[in-house]
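Worksheet: one structure, shown below.
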Amino acid sequence: PSGPLTNTTTQTSCDSFLWGVTGNTYTESGTYTGTSTNGSGCTVEETLVLTINQSTSTTETISACSSYTWAANSQNYTESGTYVVNGTNAAGCPDTKTLVLTINQPTSNTTTQSACDTFTWSGPLGNGQTYTASGTYTSVTTNAQGCQHTETLVLTINQSTTSSETVSACNSYTWAANGQVYT
């Protein structure tokens with residue numbers, strides 16, 4: 001040949017590229033050179049113009065109440081766990097999305113209570129209201145996991161009663177209501 005033999009290869013790869021000419025693995029974009037021997041036994045000056053695109057991965061750690069819909073795959077999850085979606089990023093390389101999910105549940109409790117005339121529902125689970133009628137009442141708060149807690153009060157209000165007696169007696173009287181003798 002009248003001059004040196006040359007060959008240029010343009011290559012795009014994800015994360016790394018093994019170039020057979022040199023046997024080297026490249027992890028960065030760049031221009032690399034090497035030599036090969038063609039079928040006639042002549043040396044060929046090889047040039048590699050390499051573009052390395054990177055794979056991507058992300059991890060989300062989420063706590064949710066009852067269920068969670070993950071935007072990465074539009075799936076609705078109702079159980080805690082680690083979920084993975086594999087796809088391709090804009091550069092055409094692998095894209096791995098990982099969801100570490102904790103599902104917490106709402107809680108509830110029912111208390112049955114009897115009181116005379118009035119009842120004030122106090123304490124951290126009550127609502128501070130005073131009730132004068134029997135009924136079922138609820139108070140909604142947040143539990144330790146940040147989910148809804150519903151406290152239900154089943155209340156029976158018994159009304160006080162009064163009565164009076166008019167009695168005439170000679171010398172003394174024993175009142176049956178308390179067993180006392182009055183003179």
Side-chain angles (χ1 to χ4, degrees), residues 1-112 121-129 136-154:
S2 61
L5 296 173
T6 63
N7 182 47
T8 300
T9 303
T10 302
Q11 180 70 43
T12 300
S13 186
C14 293
D15 301 320
S16 65
F17 179 73
L18 172 62
W19 192 24
V21 170
T22 62
N24 292 332
T25 299
Y26 300 97
T27 58
E28 294 184 17
S29 298
T31 302
Y32 301 96
T33 60
T35 59
S36 67
T37 304
N38 67 13
S40 302
C42 299
T43 299
V44 179
E45 298 294 326
E46 300 278 355
T47 301
L48 172 64
V49 179
L50 180 61
T51 301
I52 294 290
N53 294 318
Q54 298 300 316
S55 297
T56 52
S57 67
T58 56
T59 299
E60 291 180 73
T61 302
I62 300 289
S63 290
C65 295
S66 300
S67 68
Y68 178 75
T69 300
W70 191 18
N73 63 0
S74 300
Q75 283 282 111
N76 187 40
Y77 296 97
T78 57
E79 293 184 19
S80 298
T82 300
Y83 303 95
V84 177
V85 171
N86 293 307
T88 304
N89 63 21
C93 294
D95 179 46
T96 303
K97 290 180 174 43
T98 303
L99 172 65
V100 180
L101 180 61
T102 302
I103 294 292
N104 297 310
Q105 298 300 323
T107 54
S108 64
N109 185 54
T110 299
T111 302
T112 302
W121 195 12
S122 59
L125 300 177
N127 60 10
Q129 293 278 29
T136 300
Y137 304 98
T138 60
S139 174
V140 178
T141 58
T142 301
N143 65 20
Q145 293 79 30
C147 297
Q148 179 175 307
H149 175 77
T150 303
E151 190 72 23
T152 301
L153 172 65
V154 179

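FYI, side chains are in, hydrogens and waters are out, and symmetry mates aren't considered; it's all heavy atoms of this structure. Predicted model only: the values in this text are computed from it and were never measured.
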- Residue pairs involving residues 34-60 (criterion ring-ring contact (aromatic ring centres under 6.0 Å, His included); sequence neighbours excluded):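 Applying ring-ring contact (aromatic ring centres under 6.0 Å, His included) to every pair that reaches into residues 34-60, excluding sequence neighbours, yields nothing.
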- Message: With ring-ring contact (aromatic ring centres under 6.0 Å, His included) as the rule and sequence neighbours excluded, what pairs involving residues 42-69 come up?
- Response: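 ring-ring contact (aromatic ring centres under 6.0 Å, His included) check on residues 42-69 returns no pairs.
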- Query: According to the side chain to side chain donor-acceptor pair (under 3.5 Å) rule, which pairs have a member within residues 87-97, sequence neighbours left out?
  - Reply: T56-N89, T56-D95, N86-T96, D95-K97
- Item | Pairs flagged by side chain to side chain donor-acceptor pair (under 3.5 Å) wherever residues 8-17 is involved - sequence neighbours left out |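 For residues 8-17, and leaving out neighbouring residues, the side chain to side chain donor-acceptor pair (under 3.5 Å) pairs sorted by first residue read D15-S55.
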- Message: Quick check: closest heavy atoms across V44 and T6, and the distance to 0.1 Å?
- Response: CG1-C, 4.0 Å
- Task: Please name the pair of heavy atoms, one in V85 and one in A72, separated by the smallest distance, quoted to 0.1 Å.
- Result: CG1-O, 4.5 Å
Could you pull out all donor-acceptor pairs under 3.5 Å where a side-chain atom in residues 98-109 meets a protein atom, sequence neighbours excluded?
| from | atom 1 | to | atom 2 | distance (Å) |
| --- | --- | --- | --- | --- |
| T107 | OG1 | N143 | ND2 | 3.3 |
| T107 | OG1 | H149 | ND1 | 2.6 |
| N109 | ND2 | E151 | OE2 | 2.8 |

- Task: Would you check if there is a donor-acceptor pair between the side chains of T150 and Q148 at a distance under 3.5 Å?
- Result: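 Present: a donor and an acceptor within the cut-off.
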- Query: Between T47 and T31, is any pair of side-chain heavy atoms under 4.5 Å apart?
  - Reply: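 They are in contact (side-chain heavy atoms under 4.5 Å apart), so the answer is yes.
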To the nearest 0.5 Å, how far apart are [atom1] in [X] and [atom2] in [Y]?
{"X": "T37", "Y": "L5", "atom1": "OG1", "atom2": "CG", "answer": "10.5 Å"}
{"X": "T111", "Y": "L153", "atom1": "OG1", "atom2": "CG", "answer": "7.0 Å"}
{"X": "T25", "Y": "F17", "atom1": "OG1", "atom2": "CZ", "answer": "9.5 Å"}

- Item | side-chain contact (heavy atoms from CB on, under 4.5 Å) partners for S40, two or more places apart | N38, C42
- Message: N24: which residues meet the side-chain contact (heavy atoms from CB on, under 4.5 Å) condition with it, sequence neighbours left out?
- Response: T22, Y26
- Query: Listed by chain and number, what are the side-chain hydrogen bond (donor to acceptor under 3.5 Å, both in side chains) partners of Q75, not counting sequence neighbours?
  - Reply: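 Q75 satisfies side-chain hydrogen bond (donor to acceptor under 3.5 Å, both in side chains) with no residue once adjacent residues are dropped.
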- With sequence neighbours excluded, tell me which residues meet side-chain hydrogen bond (donor to acceptor under 3.5 Å, both in side chains) with T61.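 In terms of side-chain hydrogen bond (donor to acceptor under 3.5 Å, both in side chains), with neighbours along the sequence ignored, T61 is linked to no residue.
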- Task: With sequence neighbours left out, write down each residue that passes ring-ring contact (aromatic ring centres under 6.0 Å, His included) with Y77, or none if nothing qualifies.
- Result: Y83
- Note on the structure: Applied to residues 39-58, the salt bridge (Lys or Arg N to Asp or Glu O under 4.0 Å) test, sequence neighbours excluded, yields none
- Message: Considering only residues two or more places apart or on different chains, which pairs with a residue in residues 5-38 satisfy disulfide (SG to SG under 2.5 Å)?
- Response: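 Only C14-C93 qualify under disulfide (SG to SG under 2.5 Å).
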